[in-house]
Student: 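Dumping the structure here so I can ask a few things about it.
This chain uses plain numbering: 1 for the first residue, then up along the sequence. Note that the coordinates shown come from a computational prediction; the quantities given were computed from them, not determined experimentally.
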Amino acid sequence: MGASPAMRSYPDIGARAFGPKGRFAVSLIMYVELHLVATGFLILEGDNLDKLFPGTSLSLGLGPAGIVVVSGKHLFILLVSILVVPTTWLTNLSVLAYVSGSGVLSSLVLVFCVLWAALVDGVGFQGNGTRMLNLSGLPTALGLFTFCYSGHPIFPTLCNSMRERERFSKVLVICFVACTLNYGSMAILGYLMYGDEVESQVTLNLPQGKLSSKLAIYTALINPFSKYALMVTPLATAIQEKLISGNKRAMSILIRTFIVISTVIIALMLPFFGPLMTLVGSLLCVMASFLLPCICYLKIFGTASCTRAELVLIVMIIIFGFFVAASGTYSSLQKIIHEF
């Protein structure tokens, strides 16, 4: 973005590198990724609420046509979507920053709750892990790992929304270090506690009835609420720029509500958190976070401006990205087809 002040979004970077086709390709990858990440949040909510309130159902009377019973994950996905809609109507990113900050706090609390379950609630660290290295699970692990760092598409938007843009690089370093420590702690705890039996969401493993388990699940429920709006904002903004001339609040609300409805439909059709997030991480996040930044950087600045070490590192990232994309996409699609 330092090459031109005209580049204010991720699609702008694609356009600077490869023209209109570059803008279209980056936009497509970016918006599909953000849409599916938001969908994953709804699935996450449905799974945890179903764990917290098992057997919950709701009967909807439809007159002579009969009664439709909605239960379990599907019911909670619908209820959560109703609650999350108002957060998407916020258009000021400075306000969303405070909402997102609650998600950071909840992530820290969640790790503490899982640790408490191990040390105080009797779960312990006796996970039945058959082996430390399981190569057959590598594609899934890499896809989920990449998904954890799926924020790249909104970085340009965040940078341009900052009051002090010159501090953006420092913010990124701090955020990535904090995220890595948080994710790493959870990964180690989950494996030591449950081994190969750990679920795609560790909250589903925690013992029922314990205070730490309930607090962990309630905390896990905060994360999607705090991040959902941030994920769909770039997509909503892009649609508004195409369809709306001027500031028409009612139309903006309608567009954002429609985006929520579309994520609900997919979440109801594909309620598989692990495989879906592996697919998003392997295919879309790798392209948005690994491949496109490197390729666009080389195209904009040229190889001549790169040092040999920088060029080698970029090539290694691209090769690694292609490996994760190919293996993870194949593995996740297999699991989704098997679930059906």
Student: Using modelled atom types only, decide if a donor and an acceptor are shared between the side chain of D12 and the backbone of R8 within a distance under 3.5 Å.
Tutor: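 Side chain of D12 to backbone of R8, a donor-acceptor pair under 3.5 Å: yes, one is there.
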Student: How far does CG of L283 sit from OG1 of T146, to the nearest 0.5 angstrom?
Tutor: 11.5 Å
Student: Give, for atom CD1 of I295 and atom CZ of F290, the distance between the pair rounded to the nearest 0.5 Å.
Tutor: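 Answer for the CD1-CZ pair, I295 versus F290, is 13.0 Å.
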Student: Considering residues at least two apart in sequence or located in another chain, which fulfil the salt bridge (Lys or Arg N to Asp or Glu O under 4.0 Å) criterion with E164?
Tutor: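 For E164 the salt bridge (Lys or Arg N to Asp or Glu O under 4.0 Å) partners, ignoring immediate neighbours, are R167.
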Student: Grouping I, L, V, M, F, W and Y whenever their side-chain heavy atoms are under 4.5 Å apart, do L211 and M193 come out in a common cluster?
Tutor: no
Student: Taking C-beta and beyond as the side chain, do Y218 and S106 meet within less than 4.5 Å on heavy atoms?
Tutor: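 SC-SC contact between Y218 and S106 ruled out.
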Student: Just jot down the side chain to side chain donor-acceptor pair (under 3.5 Å) partners of S332, sequence neighbours excluded, or say none.
Tutor: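 S332: no side chain to side chain donor-acceptor pair (under 3.5 Å) contacts found.
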Student: Please check if the number of heavy atoms outside M316 that lie under 6.0 Å from its CE is greater than 12.
Tutor: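 Atom CE in M316 is not packed in, count stays at 12 or less.
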Student: Looking only at non-hydrogen atoms, find the nearest pair between F41 and M231 and report the distance.
Tutor: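 Looks like CE1-CG, 3.7 Å.
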Student: Do the non-hydrogen side-chain atoms of I77 and E45 ever get within less than 4.5 Å of each other?
Tutor: no
Student: Between F112 and L215, is any pair of side-chain heavy atoms under 4.5 Å apart?
Tutor: no
Student: Using the side chain to side chain donor-acceptor pair (under 3.5 Å) rule, pick out the option among T263, T39, T87 that qualifies with Y228.
Tutor: T263
Student: Checking the side chain of Y183 only, and the main-chain atoms of C148 only, is there a donor and an acceptor separated by less than 3.5 Å?
Tutor: yes
Student: Does G328 offer a backbone N or O that forms a donor-acceptor pair with the side chain of S331 under 3.5 Å?
Tutor: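 Flag not set: sc S331 to bb G328 has no pair under 3.5 Å.
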Student: Treat each ILVMFWY residue as a node, draw an edge where side-chain heavy atoms are under 4.5 Å apart, and state whether L105 and V111 are in one component.
Tutor: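 In one cluster with L105: V111, no.
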Student: Using a cut-off of 6.0 Å, state whether more than 12 heavy atoms not belonging to F301 lie near its atom CZ.
Tutor: yes
Student: Would L49 and V109 show up in the same hydrophobic cluster when neighbours are defined by side-chain heavy atoms closer than 4.5 Å?
Tutor: no
Student: Quick one: pull up CD1 in I314 and CD1 in I319 and give me the separation to the nearest 0.5 Å.
Tutor: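 Output value for this atom pair is 12.5 Å.
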Student: Report yes or no: do L284 and L28 belong to one cluster of Ile/Leu/Val/Met/Phe/Trp/Tyr joined by side chain heavy-atom distances under 4.5 Å?
Tutor: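 Yes.
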Student: Do E310 and Y297 get their side chains close enough for a donor-acceptor pair, meaning under 3.5 Å?
Tutor: yes
Student: With a 6.0 Å cut-off (strictly less than), is the heavy-atom count around CZ of F24, excluding the residue itself, greater than 12?
Tutor: no
Student: Does the side chain of V202 come within less than 4.5 Å of V114's, by heavy atoms?
Tutor: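 Heavy-atom side-chain distance check passes, below 4.5 Å.
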Student: What heavy-atom pair brings C306 and L298 nearest, and what distance separates the two atoms?
Tutor: SG-CD2, 4.0 Å
Student: Decide yes or no on side-chain contact (heavy atoms from CB on, under 4.5 Å) for R256 and T237, but give the supporting numbers first.
Tutor: CA-CA 9 Å; R256 291 163 189 267; T237 302; 4.2 Å; yes
Student: Is it the case that the side chain of S213 and the backbone of P207 share a donor-acceptor pair, with hydrogens and angles ignored and the cut-off at 3.5 Å?
Tutor: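 At least one qualifying donor-acceptor pair exists.
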Student: Please find the pair of heavy atoms, one from K73 and one from G46, that lie closest to each other, and give the distance.
Tutor: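 Residues K73 and G46, closest heavy atoms: CG-O, 3.8 Å.
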Student: In terms of hydrophobic clustering (I, L, V, M, F, W, Y; side-chain heavy atoms under 4.5 Å; direct or indirect links), are L192 and L204 co-clustered?
Tutor: no
Student: Please examine the side chains of V171 and L158, heavy atoms only from C-beta on, and report whether any two atoms are closer than 4.5 Å.
Tutor: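 A side-chain contact is absent here, since even the closest heavy-atom pair is not under 4.5 Å.
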Student: What distance separates C175 SG from N182 CG, expressed to the nearest 0.5 Å?
Tutor: 12.0 Å
Student: Tell me whether F155 at atom CZ has more than 12 heavy atoms from other residues, nucleotides or ligands lying less than 6.0 Å away.
Tutor: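 Counting other residues, nucleotides and ligands, CZ of F155 exceeds 12 neighbours.
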Student: Begin from the C-alpha positions of S282 and L142 and carry the test side-chain contact (heavy atoms from CB on, under 4.5 Å) through to its verdict.
Tutor: CA-CA 7 Å; S282 301; L142 289 175; over 6 Å; no
Student: How far apart are the closest heavy atoms of I317 and C294, and which atoms are they?
Tutor: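 Heavy-atom minimum between the residues: CG2-SG, 3.7 Å.
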Student: side-chain contact (heavy atoms from CB on, under 4.5 Å) for L83 and L79? Distances and angles first, verdict last.
Tutor: CA-CA 7 Å; L83 295 176; L79 293 177; 5.7 Å; no
Student: Within a reach of under 6.0 Å around CZ of F323, are more than 12 heavy atoms found that belong to other residues, nucleotides or ligands?
Tutor: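 No - once you tally the heavy atoms of other residues, nucleotides and ligands closer than 6.0 Å, there are 12 at most.
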Student: Can you check side-chain contact (heavy atoms from CB on, under 4.5 Å) on I239 and K242, steps first, answer last?
Tutor: CA-CA 5 Å; I239 296 175; K242 292 289 184 182; 5.8 Å; no
Student: Considering non-hydrogen atoms only, spot the tightest contact between C296 and I13 and give its length.
Tutor: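 Smallest heavy-atom distance, with atoms named: CB-CG2, 4.0 Å.
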Student: Would a 4.5 Å heavy-atom cut-off, applied to side chains only, mark Y31 and P11 as touching?
Tutor: yes
Student: With a 4.5 Å heavy-atom cut-off, do H35 and I266 have their side chains touching?
Tutor: yes
Student: Between atom SG of C285 and atom CG of L279, what is the distance when rounded to the nearest 0.5 Å?
Tutor: 9.5 Å
Student: Within the distance-only criterion (no hydrogens, no angle test), does the side chain of N205 pair as donor or acceptor with the backbone N or O of E197 below 3.5 angstrom?
Tutor: yes
Student: Can you tell if the side chain of T257 reaches within under 4.5 Å of the side chain of T88, non-hydrogen atoms only?
Tutor: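 No, side chains not in contact.
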Student: Looking only at heavy atoms, which two atoms of A216 and T203 are closest? And how far apart?
Tutor: O-CG2, 4.1 Å
Student: With rounding to the nearest 0.5 Å, note down the distance linking CG in L119 to CZ in F125.
Tutor: 4.5 Å
